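Heads up, the thing below is written out as C-alpha cells.
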Amino acid sequence: MVSRRSLFLPALFIFLFVFIELASAQITVYSGRNRALVEPLVNQFEAETGINVRIRYGGTTQLAVAIMEEGRRSPADIFWSQDAGALGALHSGDILKVLPEHIAATLPPQFTNPANTWVATSGRARVLAYDKNNVDSSTLPESVFDLTRPEWRGKVGWAPANASFQSFVTAMRATEGDERTREWLRQMKANGAVAYNNNNSILQAIEAGEIQLGLTNHYYIDRAKSGNPNYGIEAHQFGAGDVGNLINVAGLGILKSSKQQDEAIAFVAFMLREYAQQFFMNEVFEYPVTTGIGDSDRMLESILGITPDINLDALNDLDETLRMLRQTDLL
Amino acid sequence: MGLAKNIQKLPPWYFLFPAIFVGISVTLPLVYLVFRAVDGDWQQSYELIFRQRNLTLLYNTLALTGGVLVTTTFLAFPYAWLTSRTDIPGNKLITLLGVMPLAIPGYVLAYSLLGLGGTNGTLAQLFGIIIDRPSGYWGSLLAISLYTFPYLFLNLRTGFIGLDTSTEEAARSLGLSSFKILLKVTLPQLKPSFYAGMLIIGLYVIGDFGAVSLMRFETFSYALFLQYESAFDRVYAAWIALMLLTLTGTILIGEYKLLKGLSFYRTGTGTARKTKVLKLGHWKWAAFIFVFLVTLIAIIIPVITILFWMAQGVDPIVWNTLGHSVRSSVMASAPAAVLAIFFALPLAYISIRYPSRLSSILQRFAYLGYATPPLALALAFIFFSLSAVPFLYQSLGLLVFAYALHFLAESMGPIRSALYQAPPRIEEAARSLGYSRFKAFWLTTFPLLKSGIIAGAAFVFLSAMKELPITFILSPIGFETLAVNVWSFSAEAMFAEAAPFALCILFFSILFVYLLFAREWKRA
C-alpha cells in the first residue's frame, strides 16, 4: 500500500510548480529588433496586462537559427523579427503556430500572410537614397531597372548581404521572374554597383561622396533627418508599382512549443493596437500596418499606392534568392 | 626497460584529465558540424564547395593574413623590445598602450578609420583635407594589424622577459656585433613566442569579419559571415565552417612541424643572468614618436570618434541599462579568463613536458576550438546542452564555459612560451628533494609561468568582452553584455547610443589589464 506521506511531497511539488506557473504569467521573447525599438512598448504592455516579459536581444538571423536548433525545447514563446525572411524560414520549419483570425483582421492585404503563422508589426519602404546637393532629383530613374544605365556606372551602392535587400530581390523574382532578376543582378554588377555591408554604410558612403545613389530602407534617412536638419540625403521613390518600392516588414510569430499561448497572443495583439503603432510611426519612423490610427491612413495611402502588388508569403523563398546571389558572385 | 620509460612519460592525472576533457569538449562542435553538413543535399553542397569564387576568396584571405603578419611584426617587436630590454621612460604606460588596441572592438576601429576620409569625413571637417576612405586590401590590413598586434606584442614580451641573456653575453664575448647577436642569438630564442603570436593572429585574420566586411574586402571569412547573416540553412553554413576549419588544420600542422623539437631553457648549471637594460639615450625620442603614432591611430582616433558619436545626444534608455551591461560583461568575461587558464595550463604543460602524439593532438585541438566559427560553436552548444544538461542551457556557467573553450587558444601562446623557457631540471630537483609531483611543479615551474599566465588571461578577458555570436545565443535571458549593446545600437545607426557601451568596454578592459600587470610590476 502506498503511504500517504509518500504521495504528499510529490503532490506539494506539483502544486507549487503549478502555482508558480500561474502566479507569474511570463513570456519570453527573442527579439531581433533593437532594445530602443522594443523596450518602451514592452514596458507599456507589462503595465497594462500584468504579464511579465523576458527578452533576449540579438541578431534576427542568429536568433532564428537558435530557435530552429532549440526545436521543441525552445525557451522562447515569441520571435520578433526584423524581416520577413527569418519568419518565413521558421514558417517553413513548421515552428510557428497559426494565429487566430481576428489578429490580422485590420491589416491591409500587403501586410498579411495567408498561412497566418506570423503577422507584420511595422513596415519599411525600399527607396533610392541620393545626396540632394550632388544629384538633380529630376534625373533620378523611374524604375530600379534603369540603374543599369551607363550614366549610373559605379555610382550606385547596395548591400547584397542585407536581409532587406534580399527580400527585395525575392520580391523581384516574384514579380519579374527569375530570368529577368538574374539578368538585372548581372548588369548591376557589370555596371559597377558598389557592395556595402549594410544600409547604414551605404548612406555614409553617399555622405562621403564615394557613391551617389544607394538602394536602402527609408527609415534610416528619416531618422537621421529628425536629428540633423542639414542632413543632405533624400529618399527617392520609383514609379508606381515598381518592385524597387517594396515594403519590408518586421513581424511577430508565436512558437508552437510555447506553453503561454494566451499571453503570447495578447502580446502580438498589443503590437498591432494604437499605442504600439503610434510608436512605430512617430519614434521609429516606420510605416504602421493597421488602418484608422492617427496618421496611419494618410501614411499608408501614400505608400500602398506605389508598392508592388505582392503578398508576404512570396518573400519566404529566400533559399533560391541566396542561390542566385551566389551564382552572380554577389555573396 | 622500454616499458618503464613509457610509464615515466605519462603525465600526472591532474594535467592529463583536464587536457582530455578540453580535447573532448572542443571536438563536440566539430561533431555537430559534420553531423549537420552530411544532413544536406549533396548536389547543392557540392556546388557550394567547388565554386570558382572560393579560390579568389582563399587567395585574398592568404594575402591578407601574410600582410597582417608582416605588419604586426613591425609593430609588435619594437614594443616588446622597448618595454622589456630598454630604459625607456614610461615603460608601464607603453606596455598598457600596447595592449589597449585589443580593447577596441574591431568594427569600431574600422568605423573610425572610415570616418576619417571622404568629403564629409573628420579630416575634411577639421582640417579641410579630403582623402579617400580606406577600403579593400589596404584598409583591412591597416585595421586588422592595429588591433591584433598586441597578441604578438604580449607573446614577445613574455619571451623577452624569460630569455636567458647569458647566451647573448657569450656571443658578445666572441666578438659578435649587437645586430648580429639580435639576429643570430636573440631572435631564434624568441621563435616560440613569434610562432604563438603569429598563430593566433593568423587564425584571427582567417576568422575575422568585422573589419573586412566594413572595408569591403572579400575574404573567406567574409563569405562565411554573409552565409551566417542570411542563410537560415544550417547545412551550408556547416559546410563553409568545415572548409574554414580545414584551412586552420593545415596551418596547425605547419606550425607543429616548425615547433618540433624546440627547447630554450638552460641546460647547464648556474642561474639565468639578470637582463641587462639598454640605455636608449637620444633614441628614446624616436621610440616615443613610434609609440605615439601607433597610439594615435589605434587608440586616440577611435576614442575621439566614440566621443564624437556621444556628443550627438544619447537616448536616456542607455543610462538605465549601462550598469547592468557592465555587470553582465565582467561577470562572464572574468571567470572565462580564469577558466581558460585552467584549461590551457595542463594542455601546454603536457605538450611541452610530455611530448607525445596524444599531447600534441590535444594541444592543437585547443586551436581548433578557436578556429570554429563562434556561431557554429554556439549552435553546437544548444544541441548538446539541451539534450544532455537542459537545466544548464542559457546559464551563466555554460556561457563562461563556452567562452573559455573558444578563447583558450589565445592564452596558450604566452603560457607555452614561458614553459619553453622554464627549465625542467629545477622541477626534477625539487622532486628529488621529496616534494610531490604537484608540489614540485607549484613551487618551481608555476612561478616562472606567471607573466605568461597574466598575458593569457588578459587576452581571454579582452576577447570575451567583445564577443557577440556566442553571447547572443548562450547568455542567460535578460543578460546583455556591453558588446551586444554596441553592436545592436550601431546596427541601427544609433551611434550616440552605442558610444557609452563602447567606452565602458574600453575602460573595464584597461582596468582589468592594469590590475593583472600591476601584480607583475609589484613583484619586480
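Letters A, B, ... are given to chains in the order of the sequence lines, protein chains preceding strands, and every chain is numbered from 1. The model shown is predicted, which means the values in this text are computed figures rather than measured ones.
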Handout entry: chain A contact via B:Ser135 - which portion, at a heavy-atom distance below 4.5 Å
Key = neither
Problem - Any donor-acceptor N or O pair under 3.5 Å, side chains A:Glu70, B:Tyr393 - result: yes
Handout entry: Max heavy-atom pair count under 4.5 Å with chain A, selected residue of B:Asp315, B:Thr321, B:Leu468, B:Val484
Key = B:Thr321
Exercise for the section: State, yes or no, whether a side-chain contact exists between A:Arg56 and B:Glu480 at a heavy-atom distance under 4.5 Å. Expected result: no
Problem - Rounded distance [0.5 Å steps], CG in B:Leu214 versus CG in A:Asn198 - result: 7.0 Å
Problem - Largest heavy-atom contact set with chain A, pairs under 4.5 Å, which of B:Ala378, B:Ser475, B:Gly478, B:Pro476 - result: B:Ser475
Handout entry: Portion of A:Ser92 that has a non-hydrogen atom of chain B nearer than 4.5 angstrom
Key = neither
Practice task
Using non-hydrogen atoms and a 4.5 Å limit, figure out which bit of B:Phe489 sits close to chain A: side chain, backbone, both or neither.
Solution key: both
Problem - Interface moiety of A:Leu203 toward chain B, non-hydrogen atoms closer than 4.5 Å - result: neither
Problem - Contacting moiety of A:Gln204, where chain B heavy atoms sit under 4.5 Å - result: both
Exercise for the section: Mind checking the CG-CH2 spacing from A:Asn34 to B:Trp487? Nearest 0.5 Å is all I need. Expected result: 8.0 Å
Practice task
Determine whether B:Ile477 and A:Tyr57 make a side-chain contact, defined as any pair of heavy atoms from C-beta on separated by less than 4.5 Å.
Solution key: no
Exercise for the section: Examine whether an atom of A:Ala205 lies under 4.5 Å from a heavy atom of chain B, and if so say whether it belongs to the side chain, the backbone or both; otherwise answer neither. Expected result: both
Practice task
Give the member of A:Arg33, A:Glu39, A:Arg223 that has the highest number of heavy-atom pairs under 4.5 Å with chain B.
Solution key: A:Arg223
Exercise for the section: For the pair A:Arg35 (side chain) and B:Ile317 (backbone), establish whether a donor and an acceptor sit closer than 3.5 Å, ignoring hydrogens and angles. Expected result: no
Practice task
Answer yes or no: is there a side-chain heavy-atom contact under 4.5 Å between B:Ser213 and A:Tyr196?
Solution key: no
Practice task
Please assess A:Thr61 against B:Phe472 for the test side chain to side chain contact (heavy atoms under 4.5 Å, CB included), listing each intermediate value before the final yes or no.
Solution key: CA-CA 11 Å; A:Thr61 314; B:Phe472 279 157; over 6 Å; no
Handout entry: Close side-chain approach of A:Glu69 to B:Tyr32, heavy-atom, < 4.5 Å
Key = yes
Handout entry: Segment of B:Leu375 engaging chain A (4.5 angstrom heavy-atom cut-off)
Key = side chain
Handout entry: Residue, of B:Ser488, B:Pro469, B:Ala496, B:Ser490, that accumulates the most heavy atom pairs under 4.5 Å with chain A
Key = B:Ser488
Exercise for the section: Could you tell me whether B:Phe384 atom CZ has more than 12 heavy atoms of other residues or ligands within 6.0 Å of it? Expected result: yes
Practice task
Could you check if a side-chain atom of B:Leu379 sits within less than 4.5 angstrom of a side-chain atom of A:Val65, using non-hydrogen atoms only?
Solution key: yes
Problem - Contact class of A:Ala163 relative to chain B, heavy atoms under 4.5 angstrom - result: neither
Exercise for the section: Verify the neighbour count for atom CZ of B:Phe127: are there more than 12 heavy atoms of other residues, nucleotides or ligands below 6.0 Å? Expected result: no
Problem - Option that, when pairs with chain A are counted at under 4.5 Å, heavy atom only, ranks first among B:Met215, B:Glu218, B:Gln394 - result: B:Gln394
Exercise for the section: Could you check which of A:Gly88, A:Pro40, A:Ser201, A:Pro75 has the highest count of heavy-atom pairs closer than 4.5 Å to chain B? Expected result: A:Pro75
